[in-house]
Amino acid sequence: MRIVDELPLVSGHTPPQPLVSHTPTPAAMDGAIEPSSESPLATPDSQPPQGAISPRPSSSSTVHLPSRSRPEMNGHTLGALQTRSNGALSGRPSLLRAKSDFGPRHELAPPESADEASSVEEHFKIRHGWDDQLNSDEYNNLLTSTFFMYYTDKKHETGGNPKSNDSAYPLQEWRMRDRLKTVSAVLALCLNIGVDPPDVIKTNPCAKEECWIDPTVTSQTPGHTPMNQIGKALQTQYEQLSMRTRYKLLLDPTTEETRKYTSTLRRNARNERVLFHYNGHGVPKPTSSGEIWVFNRNYTQYIPLSLYDLQSWIGAPSLFVYDCSDAGLIITNFNKFAEKHQGEFEEARRRDPNVEYVDFGDCIHLAACREKESLPTNPELPADIFTSCLTDPITMAVRFFILQNPLPSNVKIRDAHDIPGKVSERRTPIGELNWIFTAITDTIAWNSLSKPLFKKLFRQDLMVAALFRNFLLAQRIMRVYHCHPVCHPEIPQTHDHPLWRSWDLAVELILAQLPDLQAESRGEMQYSYKHSDFFSEQLTAFEVYLTQGAVEQKVPEQLPIVLQVLLSQVHRLRALILLSKFLDLGPWAVNLALSIGIFPYVLKLLQSQAMELKPVMVFIWARILAVDQSCQADLLKDNGYQYFINILNPSYGIPVLNASEHRSMCAFIVAMFCKDYTQGQRASLSTELVQSCLNHLKDMENPLLRQWSCLCLSKLWVNHEEAKWVGIREMAYERLCELVIDPAPEVRASMLYALSAFLGIRDITVQVANIEESIAAMVLVMTNDGNSMVRRELLIFFSVFILRYKSRFVVAAFEQFSEEANNDLYLKMEERNGDGLYMKTRSNANGNSNLSSSCSQNTIYAAIWKEMLVMSVDPHPEIARDAGIVVDYVLVALLESPLAKLVQPQFDDILRNYSVSRPGGRTFEEKPVQQPSTPPTPSKEPSYLSLFGGLRRTASVAASLKIWGTNDSSTSPQKSPGRTKTEDLHAPPVDASPHVPEKYHVEEEPKTRGFVPRNLSKAPELPLKSKFFEWSVEYYREPQMKPSESDEPGSTYYNGRLWRRNRNDKIIAETQPLKDVAAANRWDAPRGYFDNLTQPMKMCFHQFEDHLVVTDNRDTVNVIDYSRSATRINCFSNGNPADSKITQVRFINEDDQACLMTGSSDGVIKIFRDYDTKGKTELVTAFRALTDLVPSNKNAGLVFDWQQGRGLVLVAGDVKVIRVWNAGTEICTSDIPARSGSCITSLTSDQVEGDVFTAGFGDGAVRVYDQRQKPATAMVKVWKEHKQWVTNVHLQRGGQRELVSGSRSGEVKLWDIRMDKSVKTIQATTDTLRTLSVHEHAPVFAAGTQRHRVKIFNINNGQPVSYFEPYSGFLRDRSAPISATAFHPHRLMIAAAALHDNHVNIFACHEPKQAAPVAIKTVKLWDGNQSSINRSSTFA
């Protein structure tokens, strides 16, 4: 069973963590002090200990983090039942990954002597006291722990949108809507015993027995003629197949008798099936003109009976069995007459549309032989061999085996009739043999026939199914005697199917015991029957299929056998477990199981009280209901739903380790039972069920249980007022609102989904209104949630709430309108700032008389309305689109209300003002109206929202007017005045306008997967429809017990990951020994030069791919492949609103398939996947990381630092806090006060342990924070040696872990967090320091100056190493300041660009020839097998 780790409780801040994965190897830390390229300290091997083998390739390592303490599947952190046989955790994020930032994970060669080792150790020192980590056993163990991928699970790949109907697996019809019964049967025996027909020449001796009775032996009992005995025997054999069928014997019938009885039976049968069994051994063969033979009254003549007449009498649906020579001819002629009848019916229908229609296509025929074939006359066989095969298959099959057995045996041919036991008792020999025969023939048919034909012949009618199973035996036996049975509909030949060998083995094993069994029955000896191993062996074969053959959705041969095994208590549990594993493969497997007929069995097992069956029954039913919701009525019929409600109760014991996972499945089953099914809601409703779901909300170990408990409540509440009142009595809404900061985004979304369903009690009493207002107030804080799925569900909740209180929102919108008009916002359009944000201070208490008298002030309605305006310009396009519908709905209602005459002039005025061109020389392209991206305006008054802290941002009403007049949706409100014209030493560098005009949204803006723009021609409708439940259901349609195909060794994805891991190791092994070269050689070797087309402002190298990402001073992102002549491979728009720009760019998940994270000056962080593929780039997620923006004349925009090891994003900028966002939970886990009135200009953190981070400020201060402390006391160090704006501060990931900061004055300082003063000061330049970059491993940093020069310095001695000037093209400005520099994390490369120029230069360090051999390393080749490592020295 899967082990459930603990999820942390989210509190004010992230709990302290031990050392996290990323840590430098000695090779990455020794800097310029290292005397040789070989380190004496061997890096601990990253292979897990013996027995902890992972089945997946890996390329980095970390620890289990609080945000992701379990692998995720379908957005959840739990699965069901056992994961895999080796117990390894499954799920995409839990990969063993390479320690990419810090050098190779392989062991370096040992030093040549102990003296050498000790001498090197004496010189090897790490800053900040972190060298102790190298000798820590705990640290070494953590190097082999799990590395998590972020923003790659299902909720980000799908965005919370369920699969479309095209891509979803279609539900196949498995129920027998047209199930039939064979209610009547005519058994016509034309034997005429003692008289041979004229066209038959019999051998001597020949086959005589009919129904195992020799007609030549007369009975001594009066009235028991051989004919009567044979007729009764045949009826008895048919009754073994179907007891409920009414049989009529016609012994040597006449034409009149045949007509009379067949017509009567059809009349009584109505639309059910009638069987006509014809034995023609005593009459001539069928004629080619379509006749069979019966007798006259005196039995002196053979009378032909036309099949055309027989069709008319018997009608359809019918079943015909022909046991005579030349029987195939009957089927041929019957079909000809059926076509003739068809034509006559169509003609009659034209004359009279009400004429009764008979479809002769629904007639089934079984014939003993083909046309022109005669029945076998072998005296060892019965004369009616075909009938014997069909009605007494076990006796016939055993007899055939005895006849075919070439080995001498004590078993005689008559022993086939003496197998002890009853056919109906499966634990007796003949009962078990019959059971095996049924399973084998069912399986052969399942594997040989098309599924519709199998369904018709083997599942529609019990009699037809039994006869066709036995017909397969007839095919096998009679072809040995040169006779080929035929049927209609035609089925393929199955005589050579491999399973017949299993049947022969089962017969042989029973016959081997037969003498002893017979002796035991005579009382001669004690003998206990040894049961067959057939079923256990077939279950083993099915198990092998599940482990090996289920990759390509290959149909398992043994599935019908598994169905038969469910009838046996001995093998039932094992069969159910294997069946659950099969159903876990996906909807295709569920459809197969349903089509084979599994449903009646699992439905009946709900009546069983066996505790050991409960876990597996829960699992099976969850998989069935995930695919087919139509089973609700079946669950209601016999109170089957109560089975799952009982298990859902926390006090109910369930014999399984992961009981909470099975309870989550029960919650899912109950939710599906109630979905769109009023009877299910009424039946399920009970206080106990509601209490059970509410109690499970406290289970912090299983987010899946919390999620489905919410969804179960939601389906109980939908349009069901009685259930809502139960929820009110149990205070369910308050319990749900406690989940607003639940660690799992899916749980938060499901909570909002449940609350949306809870709204809507018809009578809005004061109590109901107060409850609904309190709910809205409690969830309002979730507008800041980092997960788009959660924000969308919040938007849907608001849409329901707004529709319910429509008139109040119309008033709130009107008063917001009036407020903006009174504030005269639009007269200040020319006053802007660099980030496009309008900063408005809070009005004082006695500020506006209109506001003080407004109806909506300080109400939840005004607060929600302003939040709706914010959401209408959400950075996530789907949320902005849907919020625009809600806003437009309210504004349309406002214009249709009595307030319209007051608001219409202001409306027109706003539209006129917003359509005026903006002043200034910069232009930008207007975006389509349905894709708004206006940044919010911080214009909220200190009213209701002050409860949630700080100055918040909202959009103006005008920015939300998307369906009237203007197409300009990129408008950004202006900023308050206050920027001084004079030079400010603490201000950021002010750049002149670039020479080339630049625009916004020049390139295509990536959208989320499956994004559909809004249809503006369609009127807005509320409430919005949620897709979250359908998306959540998909979890139970996906495999949970086995890894996904991409994680299976040998798959394309797996091989790609393995290749990337080896490539990463190679790069690290090649680059680590070159660090001492970096501080002693020139850095002016050109490696690339390209035109960015726009002004480069921020740059970032990928660690392993040959990718350089360059962003401009607008919103364009360029991706450059510098491996071959610096080629642009992709460019796209970040979607920034006007007057904002990209201020930071980083890669995440670099060890595998990286995503690109961008931060913008409007406070938004976006993450893109497939950033390097033109046309395939997609937005993964987007959220406002900063909302409480502070008015300032010194703008830093947004700065962030990404901690891959802990999955944290540290975000700061023009705010007074450093906000810590958890990538796993996607919520802000803590706001750490910056303790400064100045803006934060740069952030850097310790990527190894992840606890300590450092911030540089606009006033020159550098502060150190420790996340392990409480937020109020997190600042542990402040240095104020810089006197001007801190250009950058950076903490090396490798090398000696130097902490370097630089200010605009040109000073660069080195720090040790244990010291109160700087360790070293380097005057990098006498003019303005424009940029500062530090290499992650090598002891060098680069300073970009005001005078178009990039200087490289040695960190250890502070001396300049090299300098270069970026090439700017012919006749370009050679004095332009440097705008951006960036080191490659591993290679000795640097990229640089200057202002007023679009070109980017890449330079490298000159590597001396004698240094080349140093790069030859022995690197582990990862082959996916963690226990065996191949060593090779091919990486030179």
Side-chain angles (χ1 to χ4, degrees), residues 80-81 163 165 167-177 179 438-460 465 468-469 491-492 494 497-499 535 538-567 571-572 574-605 616-617 619-631 634 1033-1034 1036-1042 1044-1045:
L81 292 178
K163 293 177 182 176
N165 293 331
S167 58
Y169 196 88
L171 174 64
Q172 298 172 356
E173 181 58 46
W174 56 271
R175 293 181 186 271
M176 293 303 304
R177 305 292 181 192
R179 185 181 292 278
T438 302
I440 284 178
T441 49
D442 228 26
T443 305
I444 291 174
W446 163 258
N447 292 310
S448 304
L449 275 61
S450 65
K451 295 301 174 277
L453 187 59
F454 175 84
K455 184 177 173 183
K456 178 180 180 180
L457 301 182
F458 286 81
R459 291 294 180 265
Q460 189 182 57
F468 263 93
R469 276 197 296 269
I491 66 171
T494 59
H497 195 281
L499 271 177
F535 286 106
Q538 292 299 319
L539 287 179
T540 302
F542 187 54
E543 195 167 5
V544 171
Y545 159 83
L546 289 173
T547 56
Q548 303 294 331
V551 175
E552 299 176 356
Q553 298 189 6
K554 179 185 175 185
V555 178
E557 292 182 357
Q558 299 82 13
L559 197 57
I561 297 177
V562 176
L563 181 70
Q564 289 292 325
V565 174
L566 293 181
L567 299 171
H571 304 293
R572 182 176 292 159
R574 184 186 176 200
L576 284 171
I577 291 173
L578 292 177
L579 178 63
S580 68
K581 290 183 178 180
F582 176 66
L583 298 181
D584 186 59
L585 297 177
W588 69 272
V590 177
N591 274 318
L592 275 179
L594 291 174
S595 67
I596 195 69
I598 210 82
F599 185 76
Y601 293 82
V602 293
L603 182 63
K604 192 169 185 179
L605 283 174
V616 69
M617 286 298 296
F619 187 92
I620 289 172
W621 269 95
R623 290 307 182 275
I624 291 175
L625 279 171
V627 174
D628 189 356
Q629 188 184 333
S630 69
C631 304
D634 302 281
V1033 169
E1034 289 180 355
Y1036 289 108
R1037 295 178 189 149
E1038 296 166 352
Q1040 306 301 338
M1041 294 193 203
K1042 63 186 285 292
S1044 62
E1045 177 65 13

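Values in this document were obtained by computation on a predicted structure and should not be read as measured data.
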*Start with the C-alpha gap between Leu499 and Gln538, add the side-chain angles, then the distance that decides, and say whether side-chain contact (heavy atoms from CB on, under 4.5 Å) holds.*
CA-CA 10 Å; Leu499 271 177; Gln538 292 299 319; 4.2 Å; yes
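Between Ile561 and Ala439, the closest heavy-atom pair is CG1-O, 4.0 Å. The two residues Ser448 and Pro492 have their closest heavy-atom pair at O-CG, 3.4 Å. Pairing each heavy atom of Ala626 with each of Val1033, the nearest pair is O-CG1, 3.9 Å. Closest heavy-atom contact between Ile596 and Pro560: CD1-CG, 3.5 Å.
Pairs passing the salt bridge (Lys or Arg N to Asp or Glu O under 4.0 Å) check and including a residue from residues 587-598, sequence neighbours excluded, do not occur.
Taking CD of Glu543 as the start and CD1 of Ile577 as the end, the distance is 9.5 Å to the nearest 0.5 Å. To the nearest 0.5 angstrom, Leu594 atom CG is 8.5 Å from Arg175 atom CZ.
Under the rule for a side-chain hydrogen bond (donor to acceptor under 3.5 Å, both in side chains), the partners of Thr540 that lie at least two apart in sequence or sit in another chain are Arg574. Looking at residues two or more places apart in sequence or on another chain, you find a side chain to side chain contact (heavy atoms under 4.5 Å, CB included) between Asn447 and Thr443, His497, Glu557. In terms of the salt bridge (charged side-chain N to carboxylate O under 4.0 Å, His left out) criterion, residue partners of Arg469 (sequence neighbours excluded) are, by chain and number, Asp442. For Thr494, the side-chain hydrogen bond (donor to acceptor under 3.5 Å, both in side chains) partners at least two apart in sequence or on another chain are Gln475. In this structure Phe454 satisfies the ring-ring contact (aromatic ring centres under 6.0 Å, His included) test together with Trp446, Phe458, sequence neighbours excluded. For Ser630, the side-chain hydrogen bond (donor to acceptor under 3.5 Å, both in side chains) test picks out Asp628, with sequence neighbours left out. Under the side chain to side chain contact (heavy atoms under 4.5 Å, CB included) criterion, Pro600 pairs with no residue, sequence neighbours left out. For Phe582, the ring-ring contact (aromatic ring centres under 6.0 Å, His included) criterion is met by Phe542, Trp588, not counting sequence neighbours.
Residue Tyr601 is tested with Val562, Leu567, Leu576 for a side chain to side chain contact (heavy atoms under 4.5 Å, CB included); the sole match is Leu567.
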